[in-house]
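For ligands, and for the atoms within them, numbers begin at 1 and follow the listed sequence.
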Amino acid sequence: MLPWTTYEAMADAALNQPEAFWLEAAQRITWQQAPTIACQHRADGWYDWFAGGVLNTSYNAIDRHVEQGRGAQAAFIWHSCASKEQQVVTYKELQDRVARFAGGLRALGVGKGDRVLIAMPTLVETAIAMLACARLGAVHVVVFAGYAAAELARRIDDVAPKVIIIASCSFQGQTPLPAMPILNDALRIAAYKPKACVIAQREACPAPLMPVRDHDFYSLEQSSPVAPVPVYAEDPLYILHTSGTTGKPKGIVRENGGHAVALALSMPLIYGCKPGDVFFTTSDFGWVVGHSYGVYAPLLSGCTSVIVEGSVSASAMRMLCQNYAVKCLFTTPTQLRVIRQESRNLAGVLLPALARIFVAGEYAEPTLLEWARSYFQRAVVNHWWQTETGWSITAHFFGLPEQEPKALMNDIGRPAPGFSPALLSSMPDDRCGEVVLRLPLPPGCLAGIWQNGTTKVPENYFDKSGEYYRTFDEGMITSDRAVHMLGRSDDVIKVAGRRISGVQIEEIILSHPAVYACAVVAISDALRGQRPAAYVVATAQCTANMSVMRSEIIGQVNQAIGKWVGLKDLHFVAQLPTTRSGKILRKKISL
Ligand code: AMP
């Protein structure tokens, strides 16, 4: 039961009495040593949540539910949209598999604080690997399985993992993509060499293991089980890379304590879910929503998590919701657009157990939300997220008895507890500007950026006064506290909800010998929200055939980042618009 009856009461309690609010929320977690302080200002100017509290995230996600009698309940229901395989894993089975796999990792030398890089699609084995790291106090670094070798290599060098875990293949549509060549190439490119690699063999594409270096995932799962290792609340749970304004991906560091508390509160408050409910997240584990709502939040709350590999068809979505009595569906606007396209000639569906649908990650046009409401006959809402925050900055609150105001239903909602947005505008009476968040951010948000083996305070995220965290999202705030989103203020492009920096694509294009200058901007895409478009100036000496050069450049981008980035618009131009100081005016191009 939540203690608030209205949004105002809840939000004010979090803003006016943060210590009491968050220490109360912390009681949703089982601590080995309960925290006595909620938020603490660190010597480096940043903040720690629940410092001194001792817990284990994997114990909270699995063992305590088994102890409380949920052993026979499904923890994960997995469906592959590519191979059509399915797997149901109960909490008891999960406990056994995670504890044994953690034993296997320990035998490979993994201990507290060590990084383990997991480059796998959304599989039960991926979740087992993540939770086994959490059990050992090790730090998992999940990398999207669709990345090309160069991107994988950058992440290997950034975090220096003791062990790398992959599946023998992922899928692009229905086609298996062998992962071993990508791993081998990445290890050739990377300066850092891990101690061992672990391969989960898949029937579609078994891989030959390299003696000494490689170990079989399922053999490691036969190791002796290990008990959860106690860690401090401020110890890191994971690192997740994301794109920012520069070409270099940043490793967002998430701590154990604040993460567990924030997610455990969000399940009843935002999603209206209680233990035993079924929560379905379509996000890949390689993205933040997959971490937070595919794995951790449902498990921390004793729910069943439905997870999928690949893009879900309208019929698979119906089947999964129907067969497993899904209560909450969390997906993306892109996925809703796919379902809208596929279900054009189908009648609406009635899924009795489904209570509500949430989308996040990109702009959702009101017509899309309205279509989804009439198709599913349920509430459908959008909420605002960032990899950095780990949970929603603004949301709609289905756990409160007070109904969400109708006028807010087509937008991203009001601040989640502890988020205090303000506008950073160029003119004092501007109604629009960059939305910034007053520090400290609530628990669960980034604890810093991973750099050279340590967590660094993310300076470029702060405004000049040092009082606010910068979101780089432009918007408006109205008197009812609702935030309205207008777009990004930097060069980040969202392709099907995945973040990629335009600068990163430009760097790859500029490495082509016949390119003199280029600018990459976001253009709108009917299905995937946005996609990149490149404007390229060839060198004066260039005599290449333009269509050959176009495919060389596109091939180069696909090779370096992965095909998912979807670059197909590449225009050769005589020059790019620049400022007097020579800076490219990307905004001018996108208009
Ligand atoms: P990511 O870190 O990949 O989750 O991307 C975060 C960015 O995605 C935000 O800064 C926004 O630009 C965009 N974004 C996330 N959620 C929404 C939303 N509900 N509506 C519009 N844009 C969103």
Side-chain angles (χ1 to χ4, degrees), residues 142-144 146-147 238-246 249-254 270 281-294 330-337 357-366 368-369 372 380-396 408-416 419 421 424 432-437 441 444-446 449 458 460-461 469-477 482-502 504 522 524-525 528-531 564-565 590:
V142 179
V143 174
F144 173 51
Y147 275 133
Y238 71 77
I239 298 169
L240 180 60
H241 289 93
T242 191
S243 299
T245 32
T246 65
K250 297 170 295 192
I252 303 299
V253 180
R254 191 98 55 219
I270 295 174
T281 308
T282 64
S283 168
D284 188 282
F285 280 173
W287 312 113
V288 65
V289 176
H291 278 59
S292 294
Y293 290 94
F330 188 159
T331 187
T332 57
T334 295
Q335 184 72 60
L336 277 189
R337 289 185 204 108
I357 299 173
F358 298 83
V359 294
E362 50 173 309
Y363 174 69
E365 55 280 19
L368 179 68
L369 297 175
V380 182
V381 293
N382 189 10
H383 55 341
W384 176 34
W385 266 72
Q386 288 193 326
T387 306
E388 288 84 345
T389 60
W391 60 303
S392 59
I393 307 166
T394 61
H396 303 269
L408 301 185
M409 294 304 259
N410 274 348
D411 220 313
I412 53 173
R414 293 176 286 182
F419 286 104
L424 197 69
C432 311
E434 183 184 328
V435 184
V436 290
L437 306 170
L441 297 173
C445 296
L446 76 168
I449 303 291
N460 55 344
Y461 278 116
Y469 163 88
R470 297 188 61 185
T471 66
F472 296 96
D473 281 322
E474 304 265 349
M476 294 193 304
I477 303 172
V483 179
H484 305 268
M485 184 72 103
L486 298 169
R488 293 282 302 186
S489 64
D490 61 6
D491 302 317
V492 164
I493 302 170
K494 293 279 337 237
V495 182
R498 292 171 195 168
R499 208 155 122 177
I500 178 80
S501 137
Q504 192 180 342
S524 60
D525 182 284
R528 306 195 309 157
Q530 290 187 325
R531 65 172 194 268
W564 65 271
V565 79
S590 39

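- The residue from Phe358, Trp287, Trp385, Phe285 that alone fulfils the ring pair (Phe, Tyr, Trp, His ring centres under 6.0 Å) condition with Tyr293 is Trp385.
- Where the criterion is an N or O separation shorter than 3.5 Å, residue side chain and backbone included, Thr471 fails it with respect to ligand 1.
- A side-chain N or O of Thr282 and one of Thr331 form a donor-acceptor pair less than 3.5 Å apart.
- Heavy atoms of Lys494 found under 4.0 angstrom from ligand 1 belong exclusively to the side chain.
- Within ligand 1, counting atoms from 1 as listed, the ones closer than 4.0 Å to a heavy atom of Asp473 are 9 (C), 10 (O), 11 (C), 12 (O).
- Counting heavy atoms closer than 4.0 Å to ligand 1, residue Thr387 contributes atoms from both its backbone and its side chain.
- Among the atoms of Glu388, none of the N or O lies under 3.5 angstrom from an N or O of ligand 1.
- Between Val359 and ligand 1, no N or O atom pair is found at a separation short of 3.5 Å.
- In the vicinity of Gly361, heavy-atom distances shorter than 4.0 Å reach the ligand 1 atoms 8 (O), 13 (C), 14 (N), 15 (C), 16 (N), 17 (C), 23 (C).
- When non-hydrogen atoms are compared, ligand 1 lies under 4.0 Å from the backbone of Gln386 as well as from its side chain.
- Panel note: side chain Thr394, backbone Ile412; a donor-acceptor pair is recorded below 3.5 Å.
- In the vicinity of Trp385, heavy-atom distances shorter than 4.0 Å reach the ligand 1 atoms 6 (C), 7 (C), 9 (C), 15 (C), 16 (N).
- Between Arg470 and Asn460, the closest heavy-atom pair is CD-O, 4.5 Å.
- Remark: side-chain polar atoms of His383 are paired, donor with acceptor, to backbone N or O of Val359 under 3.5 angstrom.
- Those atoms of ligand 1 that come under 4.0 Å of a heavy atom in His383, given as number and element, are 16 (N), 18 (C), 19 (N).
- Classified by interplanar angle (parallel below 30°, tilted 30° to 60°, perpendicular above 60°), the ring pair Phe144/Trp564 is perpendicular.
- Checked by atom type and distance alone, the side chain of Glu474 never pairs as donor or acceptor with a backbone atom of Gly487 at under 3.5 Å.
- Between the side chain of Lys494 and the backbone N or O of Gly361, at least one donor-acceptor pair lies under 3.5 Å.
- Interface of Asn382 with ligand 1, defined as ligand atoms under 4.0 Å from a residue heavy atom, comprises 18 (C), 19 (N), 20 (N).
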